[in-house]
Every structure is written in C-alpha cells, then in structure tokens.
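Right, one structure below, let's go through it.
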Amino acid sequence: MRNANHRFTLAARPTGIPGPENFAEDTVPIRPPADGEVLVETLFISIDPAMRSWIGEGPSYTRRIEIGDPMRAGGVARVLESRSPDFQPGDIVQGRTGWQSHPTLRGRETQKLDLSRGTIDDWLGPLGTSALTAYFGLRDVGDLRPGDTLLVSTAAGGVGQIACQIGLIDGCRVVGIAGGPDKCRFIKDELGVAEAIDYKAEPDLTAAIRRTCPDGVDVYFDNVGGPMLDAALANMRNGGRIVCCGRISQAGAKEPYGVKNLGMMGGRNMRMGTFIVFNYNRRYPEARAWLAAQIKAGRLRQKLHVEDGLHRAPHALRMLFTGENTGKLVVKVA
Ligand SMILES: NC(=O)c1ccc[n+]([C@@H]2O[C@H](COP(=O)([O-])OP(=O)(O)OC[C@H]3O[C@@H](n4cnc5c(N)ncnc54)[C@H](OP(=O)(O)O)[C@@H]3O)[C@@H](O)[C@H]2O)c1
C-alpha cells in the first residue's frame with residue numbers, strides 16, 4: 001500500500017537472545033519528503049549482530065534505540081519521490097531504512113548504488129558492510145601476510161565467509177570454525193578452506209585447532225570471543241595477531257566470560273586489536289575497488305541467506321544468535 005509505512009518498533013529490551021517478543025508491528029501513514037529528503041520503498045534490510053547492542057541495556061558503540069522507536073537497520077531501497085537534487089525516482093540506494101517498508105530518508109545519509117560495479121546482491125554481500133569489515137579487520141588490524149595461517153570463526157557467516165576468501169586470495173592457509181556439518185561442508189567444499197572445525201562436535205577446541213594448525217596460527221579473526229578466544233590464544237605463534245571483530249558468544253550472557261589465556265600474549269609477542277568498520281568510511285572506495293576486482297575475477301562471492309517479508313525481521317535477528325543462518329543474513333521486503 002503506497003500510503004502506508006509498515007514497520008516494527010522496539011517493544012521491550014531483550015535480556016538474552018532477542019526475537020519477536022521484543023518488537024511490535026504497526027502501520028503509519030507515509031511521511032512526504034521535506035527538502036533534502038527522499039521517500040523510498042525498502043527492498044532488502046540487513047540483519048546484523050550489532051542490533052542486539054542497539055536495543056539492549058549494555059554498552060553500545062552507538063546511540064541506543066528507545067522503546068517505541070522504529071528498529072534501526074541498513075537497507076537497500078528504490079526511490080519513489082525525491083526532494084533532493086542527488087536522487088531521482090527509480091534510483092536504487094542504500095541507507096538507514098530501518099525495519100520499515102516506506103521510510104523517508106535524509107538525502108545526505110543515503111547513497112546511490114553504482115550498479116555497474118555489482119548487482120544488488122553484490123551490494124548486500126561482497127561489496128557490503130560485512131565485506132568491508134573483513135577487509136579492514138584483516139588488512140589493518142590483522143596485518144595479514146601471504147603464507148600466514150589464518151583462523152576464522154563464524155566462518156560460514158556474513159563476515160566470516162569474506163574473511164576466509166580474502167585469506168585465500170592473499171595466499172594464506174585458511175582454517176575455518178563453524179557450527180555443524182553443513183556449514184563445515186560449505187566452507188570446505190565451496191569456499192575452499194584447508195580445514196573446517198565443527199566446534200559443536202569437538203570436545204576439546206584447543207586440541208582441534210592444534211590438530212588443524214600444527215604449526216600454530218598467525219592471525220585469528222575472532223567473531224565469537226569467550227572460550228573460543230581462549231582456545232585460539234593457546235595456539236597462536238610468536239608474533240601472532242588477533243583481530244577482535246565481534247564476540248557473539250557473549251550476547252546476552254548472564255555472566256561475561258573471563259578470558260583466561262591473555263597472559264600468553266606477552267611471552268609470544270602477540271598483538272590484539274579491536275575496530276569498528278564505520279570508522280574506516282573514508283577508505284571504503286579503496287576497499288570496494290579491490291573487492292569489485294575480486295568479484296569480477298571470479299575469486300570472491302557471498303552466499304546470502306534471504307528471509308522473505310518484513311514480518312520475518314524479528315525472527316531473523318534471533319537466527320544470528322541461534323546459528324540458523326548460513327551466509328549474510330538479509331530480509332527481502334519487496
Ligand atoms: N567490528 C565491526 O565493525 C563489525 C562489523 C560487522 C560485524 N561484526 C561482528 O562480526 C561477527 C559476525 O557478524 P555477521 O553479521 O557476519 O554474523 P554471521 O556470522 O552471519 O551470523 C552469526 C553467527 O554467529 C555464530 N554464533 C552465534 N552464537 C554463537 C555462539 N554462542 N558461539 C559461537 N558462535 C556463535 C553462528 O554461526 P555458527 O553456526 O557457526 O555458530 C551464527 O550464524 C559478529 O560478532 C559481529 O558482531 C563486527
């Protein structure tokens with residue numbers, strides 16, 4: 001319905017894993033664009049683990065969402081009406097659509113997609129934020145070098161898949177950690193990693209990493225934190241680097257896990273660093289030029305996990321924390 005904006009708002013803050021019980025659905029009239037704004041029809045929204053921190057009680061790197069506010073999200077949309085000189089009706093853009101079917105966006109926070117560089121799927125996947133995260137994490141924080149042994153957790157997920165492929169393109173030996181045999185088959189057979197560790201089937205993850213990385217790990221790309229980080233720390237080589245990208249195992253944990261093996265860092269001259277991808281926004285063009293060249297050469301791709309319909313967004317958010325997604329998770333809205 002063109003005059004209606006269907007949306008999900010925050011109804012209650014999660015105490016554990018977020019899901020449908022935390023959101024309320026409503027329909028409001030569309031808001032005609034003011035000067036500098038565009039009215040859009042949302043096509044896809046990205047579902048990201050960081051959303052848990054935007055709606056929870058704990059610390060967040062960005063402003064929290066208040067109860068009753070529409071859920072925030074990045075998305076891809078088609079312009080319906082424009083009062084910005086930078087956009088025409090029909091343009092495909094990315095911006096802060098939120099969990100809304102017909103939001104009105106500020107032109108200065110919205111970017112037209114260059115569809116000569118990649119399809120909409122490419123912009124959701126290997127040119128999107130997950131790919132930029134893997135790129136800057138490995139390049140800048142991990143200082144990845146050819147010949148390194150690279151260990152990647154959540155290797156079948158949005159960021160993890162790209163991190164594995166960048167490692168392979170850079171001439172590294174890549175070992176992926178993922179939950180379950182299907183995800184492990186995917187990263188081994190389709191992405192081409194040397195070894196896949198199914199952490200859910202391993203009684204001793206430290207031993208599993210030692211078995212698959214007998215000479216030790218040069219770079220650990222950590223998306224999980226918790227005991228998995230301890231198992232990786234125990235297997236790092238001298239001069240090893242740990243990229244603290246995320247710690248999804250700690251989302252909503254009642255008691256935060258105390259990492260035990262940090263003391264090994266000094267003796268092995270290791271480095272560990274955190275980062276937030278948005279702080280690299282001035283260098284996105286550099287990253288996207290490299291990523292687009294890899295896509296064109298057939299060396300980089302991303303499996304998308306698509307949930308159909310805006311009503312699936314609250315359930316999709318839960319899936320990230322239960323491991324039900326394989327690939328970059330998005331919701332197709334129209
Ligand atoms: N630093 C940044 O700027 C930045 C930007 C974007 C994302 N990130 C981080 O990157 C990570 C991956 O994000 P994504 O969007 O690509 O998500 P994703 O990997 O596509 O999905 C999340 C995956 O996490 C795994 N998982 C969930 N709970 C877990 C647990 N308790 N222990 C171990 N694994 C668990 C599941 O995979 P399995 O089935 O394999 O367990 C799940 O499929 C997250 O930690 C996120 O916060 C950081």
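Remember, it's 1-based here, ligands and their atoms both numbered in the order they're listed. What you see is a predicted model; the values in this text were computed from it and never measured.
- Looking at ligand 1, you won't find any N or O of Lys328 less than 3.5 Å from one of its N or O atoms.
- For ligand 1, the atoms sitting less than 4.0 Å from at least one non-hydrogen atom of Ile276 are 3 (O), numbered in the order shown with element in parentheses.
- Closest to atom 2 (C) of ligand 1 by heavy atom, among Phe136, Phe275, Tyr280, is Phe275.
- Note that Arg283 lies outside the cation-pi zone of Tyr280, set by a 6.0 Å cut-off to the ring centre and a 45° limit from the axis.
- For ligand 1, the atoms sitting less than 4.0 Å from at least one non-hydrogen atom of Phe321 are 27 (C), 28 (N), numbered in the order shown with element in parentheses.
- Partner Asn5 forms a side-chain hydrogen bond (donor to acceptor under 3.5 Å, both in side chains) with one of His102, Arg31, Gln100 and no other, that one being Gln100.
- Heavy-atom contacts of Thr154 reach the following atoms of ligand 1: 19 (O), 23 (C), 24 (O), 25 (C) (cutoff under 4.0 Å).
- At least one N/O-N/O distance between Gly179 and ligand 1 falls below 3.5 Å.
- Contact annotation for Phe278 and ligand 1: no heavy atom of the residue comes within less than 4.0 Å of the ligand.
- Residue Met319 has no nitrogen or oxygen atom sitting less than 3.5 Å from a nitrogen or oxygen atom of ligand 1, judged on distance alone.
- Closest to atom 47 (O) of ligand 1 among all protein heavy atoms lies Pro49 CB, 3.7 Å.
- With ligand atoms numbered from 1 in the order given, ligand 1 contributes 36 (C), 39 (O), 42 (C), 43 (O) to contacts under 4.0 Å with heavy atoms of Gly323.
- Of the candidates Leu105, Val40, Val79, Leu39, Leu39 is the only one forming a side chain to side chain contact (heavy atoms under 4.5 Å, CB included) with Pro33.
- Residue contacts with ligand 1 for Val224 involve side-chain atoms from C-beta outward but no N, CA, C or O (heavy atoms, distance under 4.0 Å).
- Between Phe221 and Val141, every side-chain heavy-atom pair lies at or beyond the 4.5 Å cut-off.
- Under the 4.5 Å side-chain criterion, counting only non-hydrogen atoms from C-beta, Leu233 is not in contact with Tyr220.
- In this structure, Ala50 falls outside the shell of residues with a heavy atom less than 4.0 angstrom from ligand 1.
- Between Asp86 and Val38, every side-chain heavy-atom pair lies at or beyond the 4.5 Å cut-off.
- In this structure, atom 19 (O) of ligand 1 lies nearest to the protein heavy atom Gly157 CA, 3.3 Å.
- In terms of polar-atom proximity, Asn223 is counted as a contact of ligand 1, with an N or O under 3.5 Å from an N or O of the ligand.
- A heavy-atom separation below 4.0 Å is found between Gly327 and ligand 1.
- Heavy-atom contacts from other residues, nucleotides or ligands closer than 6.0 Å to CD of Glu286 number more than 12.
- Nearest to atom 23 (C) of ligand 1 among the protein's heavy atoms is Leu320 O, 3.7 Å.
- For ligand 1 and Ser249, the ligand atoms under 4.0 Å from any heavy atom of the residue are 30 (C), 31 (N), 32 (N).
- Taking the charged nitrogens against the carboxylate oxygens, Arg288 and Asp114 have no contact shorter than 4.0 Å, which rules out a salt bridge.
- If you check the side chains of Thr119 and Asp121, you find no donor sitting under 3.5 Å from an acceptor.
- Every atom of ligand 1 with a heavy atom of Arg247 under 4.0 Å away is listed here by number and element: 45 (O).
- The pair Arg241-Asp148 meets the salt-bridge criterion, since a charged nitrogen lies less than 4.0 angstrom from a carboxylate oxygen.
- Heavy atoms of Cys245 approach ligand 1 to within less than 4.0 angstrom.
- Using a 4.0 Å cut-off between charged side-chain N and carboxylate O, Arg211 and Glu202 make a salt bridge.
- With respect to atom 7 (C) of ligand 1, the closest heavy atom belonging to the protein is Val159 CG2, 3.8 Å.
- Close N/O approach between Gly158 and ligand 1 is found [any backbone or side-chain N/O within under 3.5 Å].
- Checked by distance only, ligand 1 and Tyr199 come closer than 3.5 Å through their nitrogen or oxygen atoms.
- Checking Ile17, Ile248, Thr133, Leu329 against atom 26 (N) of ligand 1, the nearest heavy atom belongs to Ile248.
- Taking a cut-off of under 4.0 Å to the non-hydrogen atoms of Val277, the atoms of ligand 1 that pass are 2 (C), 3 (O).
- Ion pairing between a basic and an acidic side chain is recognised when a charged N comes within 4.0 Å of a carboxylate O; Glu66 and Arg13 show such pairing.
- Asp170 has a carboxylate O that lies under 4.0 Å from a charged side-chain N of Arg139, or vice versa, which qualifies the two as a salt bridge.
- Of the possible donor and acceptor atoms, one in the side chain of Gln250 sits under 3.5 Å from a partner among the backbone N and O of Tyr257.
- Salt bridge present: Asp35 and Arg83 bring a charged side-chain N and a carboxylate O closer than 4.0 Å.
- Among all non-hydrogen protein atoms, the one lying nearest atom 39 (O) of ligand 1 is Lys183 NZ, 2.6 Å.
- Against a heavy-atom cut-off of under 4.0 Å, Asn325 is close to the following atoms of ligand 1: 18 (P), 20 (O), 21 (O), 42 (C), 43 (O).
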